[in-house]
Colleague: 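Quick one: this structure, given as structure tokens, is what I'll be asking you about.
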Amino acid sequence: MCSKEKKFEEIANRVIRHKNENLNINEKRLCPDCFVAKIEIDIKNNNGHIRYIKDAVKNVDSRSTMDSELRSEDYPIIAIVLESPHKDEYKGTVSPLLATNSSVRLRNYLLPMLYNFITTISCQGNIYSRGTREIENGIYRIKLINAVQFQCSLGGNLSDKHVQEIKNEIVCCCLKNRIFANDFSNRLKDLSIIINCCTGQKDGKIDGLQKDVQDIIDKKYPNKIRLFGYHPSSLHFLKGFKKV
């Protein structure tokens, strides 16, 4: 068992004992980050398009092939950051964000949400123009990343607030640990754009668990393009992305 697996088990068991909850660590496998799509952005002022060139966001059977293919390319990377895998991510192929509603919502709305973010009108004096020029036109690879690559929900029902609290505490405790904090930071180093879609946002602002994740991103990579939004499992995801 590697040091990360041992440390995760130690942290999770400590949280369970502290919460006095009847939960067990049933899934100890690591869920690797995964390239799931390649897109083209071509927008001039408020005209143009964003389109999928290749896409396996919701196609589980194509994930492994897509990931292998895109890893060998050198196009810049847009990462969707989530907190940790849940039980759906371990049904068959182990990969991030496999719950049907979440993967379909991400696949269907990622591009229009990026388009809306890029083309939001900016006004300086009487001159109106494209909202941001930080995201340049070009080809990008889309990558799904879990801040903690182990199942912090312990397979419990996330509609239960107590299970949510346990999941959040395990994620937070992991990210306070040097092994997991460094591991997460290292997996972000080659990214061009980081979109924090962890749970925890409140009233349109980064909060809770999402803030714990964002603090690591901001401290290590303050010069990268950093956005945030809601988790794809929530309909609030459709509210779009904001600049950190």
Side-chain angles (χ1 to χ4, degrees), residues 1-21 23-36 67 71 76-87 89-90 94-97 141-156 158 162-202 205-229 231 244:
M1 187 182 292
C2 74
S3 60
K4 281 194 296 183
E5 290 172 328
K6 286 182 179 178
K7 182 56 66 174
F8 171 73
E9 189 170 358
E10 175 188 318
I11 290 171
N13 281 326
R14 186 169 68 242
V15 171
I16 293 169
R17 289 195 299 270
H18 179 257
K19 293 286 188 180
N20 196 28
E21 288 288 338
L23 286 171
N24 297 301
I25 305 171
N26 296 317
E27 184 54 74
K28 299 180 182 179
R29 287 177 293 172
L30 179 149
C31 178
D33 302 333
C34 187
F35 286 100
V36 294
D67 182 61
R71 280 183 187 276
I77 302 168
I78 299 175
I80 307 296
V81 177
L82 311 162
E83 61 260 30
S84 70
H86 189 37
K87 55 187 176 182
E89 281 67 70
Y90 292 91
V94 181
S95 187
L97 202 72
R141 292 172 290 166
I142 305 297
K143 190 175 189 179
L144 300 181
I145 291 180
N146 279 302
V148 178
Q149 293 177 305
F150 295 95
Q151 189 188 78
C152 296
S153 66
L154 307 181
L158 286 174
H162 294 296
V163 175
Q164 291 180 31
E165 290 173 0
I166 290 169
K167 181 262 293 181
N168 290 349
E169 186 166 342
I170 293 174
V171 172
C172 290
C173 289
C174 285
L175 293 178
K176 288 177 182 177
N177 180 274
R178 177 181 52 82
I179 292 174
F180 289 102
N182 289 343
D183 174 69
F184 178 44
S185 294
N186 289 337
R187 288 183 284 119
L188 300 176
K189 65 182 179 181
D190 295 326
L191 308 178
S192 295
I193 301 169
I194 303 172
I195 307 177
N196 183 351
C197 288
C198 294
T199 58
Q201 188 179 156
K202 184 178 180 182
K205 296 181 180 179
I206 296 175
D207 195 27
L209 178 60
Q210 189 179 48
K211 186 177 186 303
D212 293 327
V213 172
Q214 191 64 46
D215 285 345
I216 293 176
I217 297 170
D218 292 346
K219 181 178 180 180
K220 189 72 174 180
Y221 302 107
N223 296 321
K224 289 185 183 290
I225 299 171
R226 292 160 294 131
L227 311 179
F228 71 98
H231 194 282
V244 174

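Every value quoted in this text rests on a predicted model; they were computed, and no experiment measured them.
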Colleague: Would a 4.5 Å heavy-atom cut-off, applied to side chains only, mark I206 and Q201 as touching?
Modeller: no
Colleague: Heavy atoms, side chains only, cut-off 4.5 Å: are D67 and V36 in contact?
Modeller: no
Colleague: Ignoring hydrogens and angles, state whether a donor on the side chain of H86 or S153 is under 3.5 Å from an acceptor on the partner side chain.
Modeller: yes
Colleague: If the condition is salt bridge (charged side-chain N to carboxylate O under 4.0 Å, His left out), which residues does D207 pass it with, not counting sequence neighbours?
Modeller: none
Colleague: With a 4.5 Å heavy-atom cut-off, do L188 and Y221 have their side chains touching?
Modeller: yes
Colleague: If you apply the rule side-chain contact (heavy atoms from CB on, under 4.5 Å), what do you find for L30 with F150, and how did you get there?
Modeller: CA-CA 5 Å; L30 179 149; F150 295 95; 3.9 Å; yes
Colleague: Can any side-chain N or O of Q151 pair as donor or acceptor with the backbone N or O of S84 at less than 3.5 Å?
Modeller: no
Colleague: With rounding to the nearest 0.5 Å, note down the distance linking NZ in K87 to CG in L154.
Modeller: 12.0 Å
Colleague: In terms of side-chain geometry, is the basic nitrogen of R29 or E27 positioned less than 4.0 Å from the acidic oxygen of its partner?
Modeller: yes
Colleague: Taking the side chain as C-beta and beyond, is there a heavy-atom pair between I216 and F184 under 4.5 Å?
Modeller: yes
Colleague: Please determine which of V244, I194, V213 meets the side chain to side chain contact (heavy atoms under 4.5 Å, CB included) test together with D218.
Modeller: V244
Colleague: Do V81 and C197 touch side chain to side chain, with heavy atoms closer than 4.5 Å?
Modeller: no
Colleague: Assess the side chains of E83 and N146: does a donor N or O sit below 3.5 Å from an acceptor N or O?
Modeller: no
Colleague: Going from NZ on K4 to CG on N182, what distance comes out if it is rounded to the nearest 0.5 angstrom?
Modeller: 11.0 Å
Colleague: Is any side-chain heavy atom of I25 closer than 4.5 Å to a side-chain heavy atom of N13?
Modeller: yes
Colleague: Salt bridge or not for K6 and E9, using N-O below 4.0 Å?
Modeller: no
Colleague: Using the rule side chain to side chain contact (heavy atoms under 4.5 Å, CB included), only one of N196, I145, L97 pairs with L82; which is it?
Modeller: L97
Colleague: Could you check if a side-chain atom of V94 sits within less than 4.5 angstrom of a side-chain atom of E89, using non-hydrogen atoms only?
Modeller: no
Colleague: Is the shortest side-chain heavy-atom distance between P85 and Y90 below 4.5 Å?
Modeller: yes
Colleague: Could you grab the distance from atom SG of C173 to atom CD1 of I11, nearest 0.5 Å is fine?
Modeller: 6.5 Å
Colleague: Around atom NZ of K224, are there more than 12 heavy atoms from other residues, nucleotides or ligands closer than 6.0 Å?
Modeller: yes
Colleague: With rounding to the nearest 0.5 Å, note down the distance linking CD1 in I78 to CG in L144.
Modeller: 12.0 Å
Colleague: Supply the atom-to-atom distance S3 OG to I179 CD1, rounded to the nearest 0.5 angstrom.
Modeller: 4.5 Å
Colleague: Are the charged groups of K211 and D215 less than 4.0 angstrom apart, N to O?
Modeller: yes
Colleague: State the CG-CD1 distance between L227 and I80, to the nearest 0.5 angstrom.
Modeller: 8.5 Å
Colleague: So, using side-chain hydrogen bond (donor to acceptor under 3.5 Å, both in side chains) as the criterion, who are the partners of E169 when residues are at least two apart?
Modeller: K19
Colleague: Just say parallel, tilted or perpendicular for the rings of F8 and F180, cut-offs at 30° and 60°.
Modeller: perpendicular
